[in-house]
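Data first, discussion second: the structure below is written as structure tokens.
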Amino acid sequence: MGTKESKSRDFDHLIEQNSTELTFLSAYGGLVNDASDPASVFLAIKRFLSSGGVEFSETKDKLLLDFGYVKVVDNGCKVHFKGKSLPLVGSDLTQAGFVDGKLPVRKGSCTVILQQWDVEQRRFIERLVEHLRN
């Protein structure tokens, strides 16, 4: 009896066949070490804004938006947004990974330092961008 040719494919072939450029997914998730590295948080916010079509100008450690800025600071990434009646309450700025949040009574601006990039921070940025772009 001769050897029968296997109809199964090897793992490498399967990966090669199904490989797709998925770098855009990095905008939706943080890394475990993001909490300790302000530059990583900054890059994650930059990717997220870019993937959402938000226009900004950039310097080494700052993104300038039509409605505010994002800047690397010693203890995280400072986010400042300004606009009319921001859809926030004080507790939005006191979640895990948020530090030194400021929300004036009239809600015309907000400032907070993000120390990590996770679901809460992503929702926060997304909610503000959606509000300020409309």
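Please read all numbers here as calculations on a predicted model, not as lab measurements.
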Can you sort out the partners of Glu58 under side-chain hydrogen bond (donor to acceptor under 3.5 Å, both in side chains), two or more places apart, ordered by chain and number?
Lys46
Applying side-chain hydrogen bond (donor to acceptor under 3.5 Å, both in side chains), name anything that partners Arg127, two or more places apart in sequence or on another chain.
Asp92
Mind checking whether [X] and [Y] have side chains closer than 4.5 Å, heavy atoms only?
X      : Y      : value
Val73  : Pro38  : no
Ser109 : Leu103 : no
Ile45  : Gln121 : no
Phe124 : Leu88  : yes

Could you tell me the separation between the [atom1] atom of [X] and the [atom2] atom of [Y], rounded to the nearest 0.5 Å?
X      : Y      : atom1 : atom2 : value
Phe42  : Lys60  : CZ    : NZ    : 11.0 Å
Ile113 : Leu93  : CD1   : CG    : 11.5 Å
Cys77  : Leu43  : SG    : CG    : 9.0 Å
Leu49  : Glu126 : CG    : CD    : 11.0 Å
Phe67  : Leu86  : CZ    : CG    : 10.5 Å

Tell me the side-chain hydrogen bond (donor to acceptor under 3.5 Å, both in side chains) pairs involving residues 66-91, sequence neighbours left out?
His80-Thr111
Assess whether side-chain contact (heavy atoms from CB on, under 4.5 Å) is satisfied between Phe81 and His131, documenting all intermediate values.
CA-CA 11 Å; Phe81 288 151; His131 175 77; over 6 Å; no
Measure across Arg122 and Phe48 and return the closest heavy-atom pair with its distance rounded to 0.1 Å.
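What the structure gives for the nearest pair is CG-CE1, 3.4 Å.
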Correct closest heavy-atom pair for Leu114 and Val41 would be O-CG1, 4.0 Å
Check whether Asp118 reaches the backbone of Glu120 with its side chain - one donor and one acceptor, N or O, closer than 3.5 Å.
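No, because the side chain of Asp118 does not come within donor-acceptor range (under 3.5 Å) of the backbone of Glu120.
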Could you tell me whether Arg123 atom CZ has more than 12 heavy atoms of other residues or ligands within 6.0 Å of it?
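No, not enclosed.
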Take Leu132 and Leu65 through the test side-chain contact (heavy atoms from CB on, under 4.5 Å) and record every step on the way to the result.
CA-CA 11 Å; Leu132 293 166; Leu65 309 147; over 6 Å; no
